[in-house]
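Side chains are part of it too, since the values below use all heavy atoms of this structure and drop only hydrogens, waters and symmetry mates. In this chain, numbering begins with 1 at the start of the sequence shown. These numbers come from a predicted model, not from an experiment.
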Amino acid sequence: MEKKPPDDTGPVHVPLGHIVANEKWRGSQLAQEMQGKIKLIFEDGLTPDFYLSNRCCVLYVTEADLVAGNGYRKRLVRVRNSGNLQGIVVVEKTRMSEQYFPALQKFTVLDLGMVLLPVASQMEASCLVIQLVQEQTKEPSKNPLLRKKRALLLSEPSLLRTVQQIPGVGKVKAPLLLQKFPSIQQLSNASIRELEQVVGQAVAKQIHAFFTQPR
């Protein structure tokens, strides 16, 4: 596989059922948790941490990254501005880093318009990344059985908790939203009219505003 120059954010070839990972994650707990469940290909010189598909990647912000300051922001902006990639930001939200989380959330979601998924540990992150890869390999379908299956897959604690954190949603509305929009990507792309059918107009506007990309 060709080596990519530093800071490259162009598409890379990701074989089906694989993840292309930044070399820095070799030997990490996160990589070890994923090995055996999915095939990893390590490569130098990647801006994203993990490529889930040719055009979808994960940018991982560790507890140490958050505590250290705003250095992680350059990577997020580079991917956001590339035009080639859909970037999903996964962040370690722990007792030590939670005070820095609101600033990250505002920058990632409101300023950059990117999807943000908090996790409590690298073990939880490995489950989430594998789940996101499974999403990438499935074609959108109107088959209600497939929708139901995907909704069940995506109602894992980490994603359910993420949806619950969206303003106005909470524990009651989150499962309803995941039944209708069985992925974060679908939820973030839903129109206010579509959201209204599940949660009503007021909350629909809050959700839409949360995910809307600034221009």
How close do [X] and [Y] get, counting heavy atoms only, and between which atoms?
X: Ile88; Y: Leu117; result: CG2-CD1, 3.8 Å
X: Ala190; Y: His208; result: O-CD2, 3.5 Å
X: Pro102; Y: Glu98; result: CD-O, 3.4 Å
X: Glu124; Y: Val119; result: OE2-CA, 3.7 Å
X: Phe107; Y: Val77; result: CZ-CG2, 3.6 Å
X: Pro48; Y: Asn22; result: O-ND2, 3.6 Å

Are [Y] and [X] connected into the same hydrophobic cluster when the rule is that any two of I, L, V, M, F, W, Y join if their side-chain heavy atoms are below 4.5 Å apart?
X: Leu176; Y: Ile166; answer: yes
X: Leu110; Y: Ile192; answer: no
X: Met123; Y: Val58; answer: no

Are the side chains of [X] and [Y] in touch, meaning some heavy atoms are under 4.5 Å apart?
X: Arg55; Y: Gln86; value: no
X: Leu46; Y: Glu43; value: yes
X: Met114; Y: Val109; value: no
X: Val169; Y: Val199; value: no
X: Val91; Y: Leu66; value: yes
X: Tyr51; Y: His18; value: no
X: Trp25; Y: Gln122; value: yes

From [X] [atom1] over to [Y] [atom2], what is the distance, rounded to the nearest 0.5 angstrom?
X: Leu128; Y: Ile130; atom1: CG; atom2: CD1; answer: 10.0 Å
X: Lys205; Y: Gln201; atom1: NZ; atom2: CD; answer: 4.0 Å
X: Phe210; Y: Leu116; atom1: CZ; atom2: CG; answer: 7.0 Å
X: Ser28; Y: Gln35; atom1: OG; atom2: CD; answer: 8.5 Å
X: Ser126; Y: Phe50; atom1: OG; atom2: CZ; answer: 9.5 Å
X: Met34; Y: Cys127; atom1: CE; atom2: SG; answer: 10.0 Å

Working for side chain to side chain contact (heavy atoms under 4.5 Å, CB included), residues Tyr60 and Val129: CA-CA 10 Å; Tyr60 194 92; Val129 171; 5.7 Å; no
Whether [X] side chain and [Y] backbone form a donor-acceptor pair below 3.5 Å:
X: Ser97; Y: Glu92; result: yes
X: Arg73; Y: Leu104; result: no
X: Glu33; Y: Leu30; result: no
X: Thr108; Y: Gln105; result: no

side-chain hydrogen bond (donor to acceptor under 3.5 Å, both in side chains) partners of Asp65, counting only residues at least two apart: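 Per chain and number, Asp65 pairs via side-chain hydrogen bond (donor to acceptor under 3.5 Å, both in side chains) with Thr62.
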Please list, chain by chain and in numerical order, all residues satisfying side-chain hydrogen bond (donor to acceptor under 3.5 Å, both in side chains) with Glu63, sequence neighbours excluded.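 Glu63 satisfies side-chain hydrogen bond (donor to acceptor under 3.5 Å, both in side chains) with Thr94 once adjacent residues are dropped.
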Side chain to side chain contact (heavy atoms under 4.5 Å, CB included) partner of Leu76, the single match among Asn81, Asp111, Thr47, Leu112: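 Of all the options given, the one that passes is Leu112.
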Under the criterion side chain to side chain contact (heavy atoms under 4.5 Å, CB included), which of Ile19, Val14, Leu16 is the partner of Val133?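 So the option named by the test is Ile19.
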Step through the shown structure and confirm whether more than 12 heavy atoms of other residues, nucleotides or ligands are within 6.0 Å of NZ on Lys39.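 No, NZ of Lys39 has 12 or fewer neighbouring heavy atoms, counting only those of other groups under 6.0 Å.
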Starting from the C-alpha separation in whole Å, work towards a yes-or-no answer on side chain to side chain contact (heavy atoms under 4.5 Å, CB included) for Leu52 and Cys57. CA-CA 5 Å; Leu52 311 184; Cys57 67; over 6 Å; no
Using a strict cut-off of less than 4.0 Å between a Lys/Arg side-chain nitrogen and an Asp/Glu carboxylate oxygen, indicate whether Lys24 and Asp49 qualify as a salt bridge.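 So Lys24 pairs with Asp49 through a salt bridge.
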Residues Arg26, Glu23: salt bridge by 4.0 Å N-O rule: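 Judged by the 4.0 Å cut-off on N to carboxylate O distance, Arg26 and Glu23 do form a salt bridge.
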For Leu177 and Lys180: C-alpha separation, side-chain torsions, deciding distance, then whether side chain to side chain contact (heavy atoms under 4.5 Å, CB included) applies. CA-CA 5 Å; Leu177 284 166; Lys180 178 73 173 177; 5.9 Å; no
Side chain to side chain contact (heavy atoms under 4.5 Å, CB included), that's the test. Do Val163 and Leu178 meet it? Break it down for me. CA-CA 8 Å; Val163 175; Leu178 282 172; 4.2 Å; yes
